[in-house]
**Q** 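First the structure, which I've put down as structure tokens, then a few questions once you've had a look.
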Amino acid sequence: MGGGSFVELDQQGSWRRTAYAGEVNADQEGSEVIVFGWVQDVRDLGGIKFFVLRDRSGSVQVTLPRGKVPEEVFEKFDKLQKEFVVGVKGVVRRMEKAPRGVEIIPNELRILNVTKHPLPLDPTGRTPADIDTRLNARILDLRRPESNAIFRIAHVVLQSIRAFLSQKGFIEVQTPKIIASATEGGAALFPIAYFDREAFLAQSPQLYKEQLIAAFEKVFEIGPFFRAEESHTNRHINEFISVDIEEAFADAKDVMRTLEELVQHVVKEVNEKCKAELNTLKQEIPVPELPLMRITYDEALEILRKKGVEVSWGEDIPTPGLRALGQELPGFYFIVDWPTATRPFYIKPYEDRPHLCESFDLMHSWIELASGGTRIHQREELEKRLVEQGLNPASFEFHLKVFEYGMPPHAGWGLGLARLLMAITGRDNIREVVLFPRDRFRLTP
RNA sequence: GCCCUGGUGGUGUAGCCCGGUCCAGCAUCGGCGGCUGUCGCCCGCCGGACGCGGGUUCAAAUCCCGCCCAGGGCGCCA
């Protein structure tokens with residue numbers, strides 16, 4: 001079934017777009033335009049036929065009244081099926097009865113490509129599809145207004161992050177994604193074959209970005225990282241985009257300010273530039289007021305205790321605890337002063353109370369968006385902490401020796417881009433905000 | 001990795017608990033035909049499904065077992 005009769009394809013030839021569908025308006029009455037796009041909908045009333053042409057900008061109705069368009073165009077209409085790729089050369093006409101009060105009367109219709117029906121999902125989204133079905137046909141899914149809006153917002157988020165950090169004097173860097181050592185501990189690494197050696201996909205730019213501030217003072221990176229965790233949740237994927245900064249002559253408090261200002265800036269930009277997209281998503285995201293609330297780890301535990309959730313001191317807060325915390329604190333906030341034992345080796349303990357460290361998590365409700373802190377900048381101390389965490393300093397020599405070349409005090413953070421997008425777009429599954437998510441069970445498309 | 005839930009046309013679902021009334025309903029979708037103002041068009045006709053394998057039974061979409069797949073939760077996540 002499906003597919004219809006054989007369709008002879010036309011060439012785009014010398015045709016070049018002169019207008020975007022969504023921008024064609026009644027003021028252009030009488031002018032000839034060339035539009036390209038996809039057939040969103042076909043309505044045939046016999047003596048008058050309509051189809052809706054959609055492109056990246058929106059859509060416009062193409063109307064074919066019998067006798068008012070060339071006979072071959074009128075006949076060619078019958079071949080059209082949903083999502084065919086077409087070009088139309090025609091005249092803009094003001095028409096109250098048409099969507100947006102405007103339509104195109106075609107003089108020529110070119111069918112540039114066909115679709116194979118049945119399609120695996122409905123690109124208009126009227127008939128819903130499961131997330132799994134949608135990801136299997138991701139390109140079709142991305143034609144749905146909601147999915148499309150998410151990634152238009154993602155673009156604005158990325159742009160505004162780059163603009164903000166650049167304006168603050170950070171320079172953008174790229175660190176290696178292929179690394180030699182699996183000895184950083186913690187998150188599991190993906191091993192890969194590197195010629196005749198084993199190598200690994202980087203799980204974080206941490207060590208390299210720290211090294212780089214000893215030359216550039218303020219750096220940031222937006223890039224992919226890889227964790228071989230067997231997590232199967234709505235907020236974990238195995239390849240993720242991390243936004244990282246590192247800054248010399250700064251501590252946790254300084255980079256927290258940078259982070260909250262960044263978040264505020266991004267939300268402001270999205271509100272200004274993505275009104276239509278937010279509307280499509282039925283999403284409102286208030287610009288957070290600064291400074292964001294800061295609660296200590298101890299205070300978080302106290303809040304949880306009052307809610308009947310017991311967390312023994314020194315442990316990371318388990319997921320049910322974070323969910324409970326998120327009920328109390330629905331917006332953006334920081335959890336600061338974590339027990340030293342819960343944090344990685346490079347985080348600096350407080351001088352006067354070494355069981356706590358100069359660290360923070362940026363939260364949105366119950367989801368951790370970012371994590372950071374003041375770093376240890378003295379080699380001896382770093383080595384001591386490595387040993388305390390059961391790691392072997394010898395395998396960090398390439399990193400440790402940099403601390404002998406004049407390493408300034410420094411601090412930084414890493415922010416999960418997709419987690420931030422979840423907060424901004426109001427999605428509760430990270431797969432919604434990643435074009436081609438990689439999770440434990442999904443390697444294609 | 002553990003626990004829970006589920007898998008019915010291309011898509012989304014009803015039916016399953018309590019086996020027969022199911023040659024499986026609904027919506028969307030696809031095909032053909034009709035209609036000169038549709039816009040989630042309308043009207044008529046037609047098309048397409050019980051994840052895979054085994055078992056119980058006179059009889060299985062429905063009960064049992066195994067496998068595969070998916071969703072949710074937890075753990076893990078320097």
Side-chain angles (χ1 to χ4, degrees), chain A residues 1-5 40-52 59-69 74 78 81-83 93 95-103 105 115-137 140-141 144 181-189 202-204 206-207 225-238 240 315-316 318-323 338 340-347 359 361 368 371 373 375 385-386 388-391 396 414 416 419 428-429 431 439-442:
Chain A
M1 62 170 173
S5 54
Q40 169 131 329
D41 214 352
V42 179
R43 286 185 285 275
D44 181 348
L45 276 65
I48 186 166
K49 303 166 193 274
F50 307 89
F51 73 92
V52 176
S59 60
V60 68
Q61 175 168 286
V62 180
T63 304
L64 295 77
R66 169 175 278 152
K68 303 243 174 79
V69 299
F74 196 76
D78 293 337
Q81 292 182 295
K82 285 183 180 177
E83 299 303 314
R93 182 161 81 168
M95 172 55 67
E96 287 303 317
K97 284 180 275 192
R100 300 196 291 108
V102 68
E103 62 191 9
I105 310 297
T115 46
K116 188 179 175 194
H117 284 86
L119 295 167
L121 53 79
D122 171 13
T124 67
R126 282 175 212 145
T127 303
D130 294 338
I131 181 81
D132 188 52
T133 305
R134 289 169 42 212
L135 291 175
N136 283 336
L140 276 178
D141 177 57
R144 294 172 53 247
S181 171
T183 52
E184 285 179 44
L189 294 162
Q203 61 185 185
S204 154
Q206 183 62 37
L207 305 185
F225 293 96
F226 308 88
R227 293 187 184 175
E229 300 297 338
E230 293 185 331
S231 306
H232 191 224
T233 79
N234 59 11
R235 61 197 184 284
H236 290 89
I237 42 177
N238 297 289
F240 66 101
E315 287 188 2
D316 225 326
T319 305
L322 292 176
R323 284 181 192 274
W338 289 78
T340 305
T342 65
R343 298 278 122 166
F345 68 88
Y346 48 79
I347 294 288
S359 61
D361 279 0
E368 176 196 329
S371 193
R375 322 302 193 186
R385 289 286 297 132
L386 277 168
E388 279 172 13
Q389 298 224 345
L391 298 166
F396 288 87
R419 298 260 181 105
D428 57 11
N429 190 329
R431 292 161 185 78
D439 66 33
R440 188 170 151 218
F441 303 108
R442 180 177 289 280

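Order of the sequence lines fixes the chain letters, A, B, ..., with proteins taken first and strands second; residue numbering starts at 1 for each chain. These numbers come from a predicted model, not from an experiment.
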**Q** What's the closest nucleotide to the side chain of A/Lys97 if the choices are B/G37, B/U38, B/U11?
**A** B/G37
**Q** Nearest of B/U38, B/G30, B/U11 to any side-chain atom of A/Phe50?
**A** B/U38
**Q** Would you say A/Thr124 places a side-chain N or O within less than 4.0 Å of OP1 or OP2 belonging to B/G40?
**A** no
**Q** Taking the side chain of A/His236 as its heavy atoms from C-beta onward, which of B/C77, B/G72, B/U38 lies nearest to it?
**A** B/C77
**Q** Starting at the 5' end of RNA chain B, which residue's closest nucleotide do you reach first, A/Thr63 or A/Phe441?
**A** A/Thr63
**Q** From the set B/G12, B/C74, B/G37, return the single nucleotide nearest to any side-chain atom of A/Gln61.
**A** B/G37
**Q** Examine B/G73: is either OP1 or OP2 under 4.0 Å from a nitrogen or oxygen in the side chain of A/Arg323? Give yes or no.
**A** yes
**Q** Mapping A/Val42 and A/Gly46 onto RNA chain B by nearest heavy atom, which one lands closer to the 5' end?
**A** A/Gly46
**Q** Quick one: side-chain hydrogen bond (donor to acceptor under 3.5 Å, both in side chains) partners of A/Arg93, sequence neighbours excluded?
**A** A/Glu103
**Q** Kindly point out which of B/G37, B/C74, B/U11 is positioned nearest to the side chain of A/Met95?
**A** B/G37
**Q** Mind checking who B/C39 pairs with, Watson-Crick or G-U wobble, both distances under 3.5 Å?
**A** none
**Q** Which whole-number value in Å describes the distance from A/Asn238 CG to B/C76 C1'?
**A** 12 Å
**Q** What's the closest nucleotide to the A/Thr319 side chain, out of B/G12, B/C74, B/G40?
**A** B/C74
**Q** Of the nucleotides B/C41, B/G71, B/G30, which one has an atom closest to the side chain of A/His232?
**A** B/G71
**Q** CD1 of A/Ile48 versus C1' of B/G34: gap in Å, rounded?
**A** 16 Å
**Q** Please answer whether the main-chain N or O of A/Lys82 pairs with a side-chain N or O of A/Thr115 as donor and acceptor at a distance below 3.5 Å.
**A** yes
**Q** Could you state the atom-to-atom distance from CD of A/Glu368 to P of B/C76 in whole Å?
**A** 13 Å
**Q** Are OP1 or OP2 of B/U38 and a side-chain N or O of A/Lys49 less than 4.0 angstrom apart?
**A** no
**Q** Can you figure out which of B/G37, B/G73, B/G12 approaches the side chain of A/Asn234 most closely?
**A** B/G73
**Q** Where the side chain of A/Asn429 is concerned, which of B/G72, B/C74, B/C41 is the nearest nucleotide?
**A** B/G72
**Q** Please tell me which of the listed nucleotides, B/G75, B/U11, B/A70, lies nearest to the side chain of A/Asp132?
**A** B/A70
**Q** List, with names and distances, any nitrogen or oxygen atoms from the protein found under 3.5 Å away from nitrogen or oxygen atoms belonging to nucleotides 4-8 of chain B.
**A**
none

**Q** Do A/Arg343 and A/Ser371 pair up side chain to side chain, a donor and an acceptor below 3.5 Å, judged on atom types alone?
**A** yes
**Q** How many whole angstroms separate atom NZ of A/Lys116 from atom P of B/G31?
**A** 14 Å
**Q** Under 30°, 30 to 60°, or over 60°: which ring-plane class applies to A/Phe225 and A/Phe240, parallel, tilted or perpendicular?
**A** tilted
